[in-house]
Amino acid sequence: MTGKTNPGNFFEDFSLGQAIAHATPRTVTEGDVSLYTALYGARFAVQSSSVFAQSIGLPRAPVDDLLVFHLVFGKTVPDVSLNAVATLGYAAGRFLAPVYPGDSLPAVSEVIGLKENANGETGNVYVRSIGYNQRDQVVLDYVRWVMVRKRNPGLAGDEPVVPDLPEAVASDELSVPEGLDLAGYDRRLAGSEYCWEDYVAGEKIDHVDAMTIEESDHMSATRLYQNTAKVHFNQHAEKDGRFGRRIVYGGHVISLARCLSFNGLGNASKVAAINSGRHVAPTFAGDTIYAWSEVLEKSAVPGRDDLGALRLRTVAANDLACHDFHYRDEQRCYQPGVVLFFDYTVLIPRRP
Amino acid sequence: MTGKTNPGNFFEDFSLGQAIAHATPRTVTEGDVSLYTALYGARFAVQSSSVFAQSIGLPRAPVDDLLVFHLVFGKTVPDVSLNAVATLGYAAGRFLAPVYPGDSLPAVSEVIGLKENANGETGNVYVRSIGYNQRDQVVLDYVRWVMVRKRNPGLAGDEPVVPDLPEAVASDELSVPEGLDLAGYDRRLAGSEYCWEDYVAGEKIDHVDAMTIEESDHMSATRLYQNTAKVHFNQHAEKDGRFGRRIVYGGHVISLARCLSFNGLGNASKVAAINSGRHVAPTFAGDTIYAWSEVLEKSAVPGRDDLGALRLRTVAANDLACHDFHYRDEQRCYQPGVVLFFDYTVLIPRRP
Amino acid sequence: MTGKTNPGNFFEDFSLGQAIAHATPRTVTEGDVSLYTALYGARFAVQSSSVFAQSIGLPRAPVDDLLVFHLVFGKTVPDVSLNAVATLGYAAGRFLAPVYPGDSLPAVSEVIGLKENANGETGNVYVRSIGYNQRDQVVLDYVRWVMVRKRNPGLAGDEPVVPDLPEAVASDELSVPEGLDLAGYDRRLAGSEYCWEDYVAGEKIDHVDAMTIEESDHMSATRLYQNTAKVHFNQHAEKDGRFGRRIVYGGHVISLARCLSFNGLGNASKVAAINSGRHVAPTFAGDTIYAWSEVLEKSAVPGRDDLGALRLRTVAANDLACHDFHYRDEQRCYQPGVVLFFDYTVLIPRRP
C-alpha cells in the first residue's frame, strides 16, 4: 500500500493565512453550458442566447454565474472539505469578470479563520476562495466556512480566529460586466415584464414550480463540477452512513432553487453577489424542491440608470409547496421542510 | 404574495388571430447535439459527422430536426400549454432552413383555431408556431392543437373555428437544404444500403431495438428543451395527480421512436415534414419503447434526381415488441400498448 | 415485414482477413467532452484545461483516450458484436494521433482470428479495429475478441486461427503526442506530486473513492458512444434474460475505474497502450465500483527524458472496498467482487 492518494486535510492541517493553490484547472465549454440547462432547465435569456446577450453589449452568452460558482467550489473540495462534516455558510461572494465558453479557470484559497469546536472532534475552517480566468482576472471571490474533522480528537485550545464578515456585499462593491448596457433589453423575449421598479422590499414570491431530484442528476452535476466529496457518490458506503443514502451536493439545490426562481424573477439573470446561505437540512434523491424568494433590499447601482440591484433571499423547501412562505418560526428555528436559504444580490433592468 | 409568476393562459385568454412572441431565445450548441446523442443514441451519419455532412454539400453537421422541433416547442409551452390537458395533434409541419450549432432560435405563434368542448371545462386551441434563426429565416413552421383548461368552467357558446389542415404536407412544399447534393452520399458509412427505390408504399418495418425510459433521462431532455410543463418534473404533486407519477414529455417518445427507426431507415436522416401525430397514451419512466414504421407514400421531389421523399408513419409501443405491427383494430381504436403514431416525411437518397 | 434491419453478424458470417468498414462516422465535440466529465468526474488536468495542455506543447485540451476508445468501439458493435455473448479480451491497443474536439472519426476492422467453441453454439472472433481522424491519421489501433453466437449451432470443424498477440505493447511502440514537452508540467495544478520516479514495480494503490452506477448514467454513456448492443437498453426484454436486468457496457466500468484512479495516479493523464483486459463479471445499475491499481512495469521511453511509461493493472470491484487489493486467489480464479482487470500503459512526467 502506498500513500499516493489524497487523504484530504484535517482541521490540524490548516493554518491561518495558509495559501492553497487548487488543482484541476478547467476550460469551461458550451458542453458544460448545455449540461447546466439539462440539469436545471435554466431559462434566463442572457445566458440562453448569444443574440440576446449581444443586444445588451456582451460579446456572447455568458456562463451562468452559479455554474462558475460550482466549478470554483469543486476545485476547493479536495483541499478544503474532503473531511468536512458540512458546509456551514457562505459570505462576501462577488462575481467579477464574466465567464464565457473557452475560458479556463484555476482557483486558489486562503485560510482566513480557524475555530475549534467544543466537542474536540471538529473545527470550523474559514476560507476565502478566488477563481481566475486565463487572463488572471478574478471571476469569483467568496468565503465559505466548513466544519472539518480533526485527525486526532481533543482540544488544542488555540485562540479562535473568526473573520469579520459582512452581512451582505455592499452595493458599491457589485461588479457590472464590462460593456453591459440594458437600454436594448427586450423583456418580452426574456419572458418577464417586471423591472427593478416593480419589486419592493419585503415582497415575497412563490416560484410555484418544483423539481424532483434523481440520483443520476445530482451525481452528474457534481461530477461535472469535479467535486469529489465521497458522500455524493458511494451508495455502498453511505448505506451504513449517517443517512443511509447519498447526500445531494448542496450547490445542486442552490441551482435548482435559482432556476425555479425564474418564474417571478425572469429578468434577474445576473447574480452579482452571494451574501450568505445555509444548507439547513440535507437533501436526497426523490426529494422534490420548491422555492420562494423575499426581496430583502433594493439598491441603486452607482453610475447606472439601466439597472438596479435586488438583494434576495431564496428559500428552498423539500416536498413542501411554498405558497405559505415557510422559513423560520418565532424562535428563529427553520421550519420543517426548509432545506436551504440563499441570500444573494442580482442585477435587474430598470424601467427605461 | 405577488402576481409575478406566470399562471399560463387559459382557454378564455386566447383569441383568433392572436400573435404570441415567445420568450427564451436559445443558441443551439454542440453541447445540445451531444446531449441529444446521449439521450437517444442518434446515429444518422449526416448529423453525426461534419465530414460526412460536407461530403453532401452541407457546411457542417446540421442539428437533428427533432431537436429543433423540441427547442421551438419548448418555447411555446409557457404561453400555449401550461394549462393544457394534452397535446391533441400536429399538422402542416415543415422544416425549412437547416439549423447549425451557433444558430440562435426565437419563436412566435399565431392562434388559428378555437373550439369549446361540450363539457364546458376545456377548449381546443390551434396554434401555428414558427421558429426562426438569427438571420430571420424560418427553420420550422408547424401547427399543433392542445386541449386547454378554462379559467371558469361553462359554455360561452362562441362559434368554433377549426382550421382547415392538410392530411399531409404536399411533396412540392418540402424544403431541401440549400447546397445539398447526395451524389457523393456514402451508404456504407451511413450504415444502410437502402435507397428511396428500395422502399414501397405499404411496407412495414419492425425497428427491432427498444429503449427503457428513466426519470432522469426524460427530465433532462425536457429541461434541455426549456419546456416547463409541470407534470414532467414534480413527483411530489404528481403522486396525487391523474397517474400518480410524472408523465414523459410526448416529444421525448417521438425522438426515441425516431432514433430506433435508424434500424431499417438508416438513410432517412432528414425530416422534411410533420404531417400529423398523436400521443395515444401517456408514457412513464420504466416503460420500454419499441417502434415500427409503415411507408405510407413515396413521392419524387420536383427537380431532384438525387433524393426522394417517403411519407412514414412510425408507431411507438410500450413494453410491446413490434413484429406484429400493432396499431389500430378494426374499429380504428388504438391497440393496447400503442403510445404514439407520428406521420412525417423524410428525404432519402435515390440510387445513383 | 422487410429485411431492412441489421440482424448483426453471426459466427458463420465472419471470414479470416475480412475487412469491415464501420458505419456512423462521428465528429467529436466539446459537448462529448463535457458529458464524459459529467459521467465519470474525470479530473486529469491535461484533458480538463486547454491552458494546461498548451503549457505542455499541445494545441488545446485533447479528448480523453478512453472516450476515443468508446467511440471507436461503438462503431464496431453493429458489425462485430450485435450477436455477441461477451467481449473476452483486448490486446495490442495503441493510442496514436491525439484527438481534439472537431475531429471526425471513422473506423474499420479486420478479422484476424476465428475459433469455434466446443459447444457448437458459439465461436470466438478476433478483430483488429482502427479508428482514424479526418486527416487519415490512425488515432487508435486495437484488438478485441468476442464470443459470437452461431446462426446454426453445430461444429463446422474449421481449423482455428488464433492470432499471436503480445502480452503487452512494447515500450518502443508507444506513441508520444507530437509537440508534447513535459518540461513545464505543473504537478501542483495537476493535483499530484508523484512522478515516474516515485512509482515502483509491484506497488499497489487503493484508489479509495467509489462510484455507484445508475441506469440513466450507463445508458447515456452507451448511447453517447452510439453503441447499439441491446442488452444495455431494453429492460422489457432483459427482465426475462440471463440476469433479469440490463447489463452495463463493460467500457463504462473501464472509464469509472480509470477516473477513480486519478486518486493515486493524478499525473498519468495519457493512456498510450491497452495491453489486455477482461470483464470478469457483469455489472448492473446499483453496483458501486471501487478500484485499485498495481504498477506492473516501469520503462523509459526512447528519446524522452521528460516522461516515462508505467504499465498498470487497474482492478475494479463491485461493492467491495479495495484496501485488501482483491484480484485472484491462489488458483488464479478471480475473487468475488472483482468485475474488471484492465492492463494498460500510461505516460507520466519524469522528475525534472
Side-chain angles (χ1 to χ4, degrees), chain B residues 29-45 48-53 60-61 101 186-194 198-200 203-212 214-217 220 259 262-266 286-290 318-321 323 325, chain C residues 1-8 20-36 38-39 74-75 78-79 82 101-107 133-135 214-230 232-239 245-246 285:
Chain B
T29 70
E30 291 182 343
D32 301 322
V33 170
S34 290
L35 274 160
Y36 195 82
T37 305
L39 287 163
Y40 305 110
R43 288 192 285 148
F44 293 104
S48 178
S49 165
S50 278
V51 170
F52 193 97
R60 61 181 295 190
D186 184 334
R187 300 201 302 276
R188 181 190 54 70
L189 267 182
S192 168
E193 61 184 290
Y194 301 104
D198 301 312
Y199 293 88
V200 295
E203 178 177 359
K204 296 178 177 180
I205 303 167
D206 173 10
H207 300 306
V208 181
D209 299 320
M211 184 65 65
T212 302
E214 299 296 321
E215 298 281 13
S216 178
D217 290 349
S220 294
C259 288
F262 179 89
N263 200 352
L265 288 161
D287 290 355
T288 298
I289 299 298
Y290 291 81
N318 169 28
D319 289 355
L320 181 71
H323 40 71
F325 306 115
Chain C
M1 184 146 61
T2 61
K4 292 198 173 69
T5 54
N6 175 19
I20 306 171
H22 301 297
T24 319
R26 173 70 133 78
T27 302
V28 188
T29 71
E30 291 182 342
D32 301 322
V33 170
S34 291
L35 274 160
Y36 195 82
L39 287 163
K75 288 178 207 336
D79 297 311
L82 214 57
D103 284 354
S104 293
L105 308 182
N133 65 19
Q134 69 280 11
R135 289 178 300 280
E214 301 295 320
E215 298 281 12
S216 177
D217 290 349
H218 77 83
M219 292 203 302
S220 294
T222 312
R223 288 183 297 238
L224 183 69
Y225 311 145
Q226 298 171 313
N227 175 330
T228 59
K230 296 168 172 48
H232 308 313
F233 300 118
N234 182 341
Q235 181 58 27
H236 178 251
E238 291 307 315
K239 74 178 190 304
R245 44 198 173 145
R246 286 161 277 178

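Residue numbers begin at 1 in each chain, while the letters A, B, ... track the order of the sequences.
Of the atoms belonging to B/L320, it is backbone heavy atoms, and not side-chain ones, that fall under 4.5 Å from chain C. Contacts of B/L189 with chain C are made by both backbone and side-chain atoms, with heavy-atom separations under 4.5 Å. In this structure, chain C has a heavy atom under 4.5 Å from the side chain of B/Y290, while its backbone stays farther away. Using a 4.5 Å cut-off between heavy atoms, C/A38 makes no contact with chain B at all. Interface remark: B/A61 contributes no atoms to any contact with chain C (heavy atom separation under 4.5 Å). In this structure, chain C has a heavy atom under 4.5 Å from the backbone of B/A42, while its side chain stays farther away. Looking at C/P7, neither its backbone nor its side chain comes within 4.5 Å of chain B, counting heavy atoms on both sides. Both the backbone and the side chain of B/D198 come within contact range of chain C, with heavy atoms under 4.5 Å apart. Neither the backbone nor the side chain of C/H232 has a heavy atom closer than 4.5 Å to any heavy atom of chain B.
Considering all non-hydrogen atoms of both residues, B/S49 and C/P25 come closest at CB-O, 3.4 Å. Of all heavy-atom pairs between B/D206 and C/T5, the closest is O-CG2, 3.1 Å. Contact record, B/T212 with C/Q235: OG1-N, 2.7 Å, taken as the closest heavy-atom pair. Listed here is the closest heavy atom pair of B/S50 and C/S104: N-OG, 4.1 Å.
Under the side-chain hydrogen bond (donor to acceptor under 3.5 Å, both in side chains) criterion, C/T222 pairs with no residue at all, not counting sequence neighbours. With sequence neighbours excluded, no residue forms a side-chain hydrogen bond (donor to acceptor under 3.5 Å, both in side chains) with B/R43.
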Is there a side-chain contact (heavy atoms from CB on, under 4.5 Å) between B/S48 and C/Q226 once you walk through the steps? CA-CA 10 Å; B/S48 178; C/Q226 298 171 313; 3.3 Å; yes
Which is it for B/S34 and C/T29 under the side chain to side chain donor-acceptor pair (under 3.5 Å) test, yes or no, and what are the steps along the way? CA-CA 8 Å; B/S34 290; C/T29 71; 3.0 Å; yes
What do the steps show when you test C/R223 against B/D217 for salt bridge (charged side-chain N to carboxylate O under 4.0 Å, His left out), and what is the final call? CA-CA 12 Å; C/R223 288 183 297 238; B/D217 290 349; 2.9 Å; yes
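One distance of note links CD of C/E238 with OG1 of B/T288; it measures 10.0 Å at 0.5 Å rounding. For the atom pair NE2 (C/H236) and CG (B/D319), the distance works out to 4.5 Å, reported to the nearest 0.5 Å. Taken to the nearest 0.5 Å, the CD atom of C/E214 stands 12.5 Å off from the CD atom of B/E215. In this structure, OG1 in B/T37 is found 9.0 Å from CG in C/L35, a value given to the nearest 0.5 Å.
Between C/T27 and B/E30, the closest side-chain pair of non-hydrogen atoms is not below 4.5 Å.
With chain B as partner, the option from C/D79, C/V28, C/L224, C/V33 having the largest number of non-hydrogen pairs under 4.5 angstrom is C/L224.
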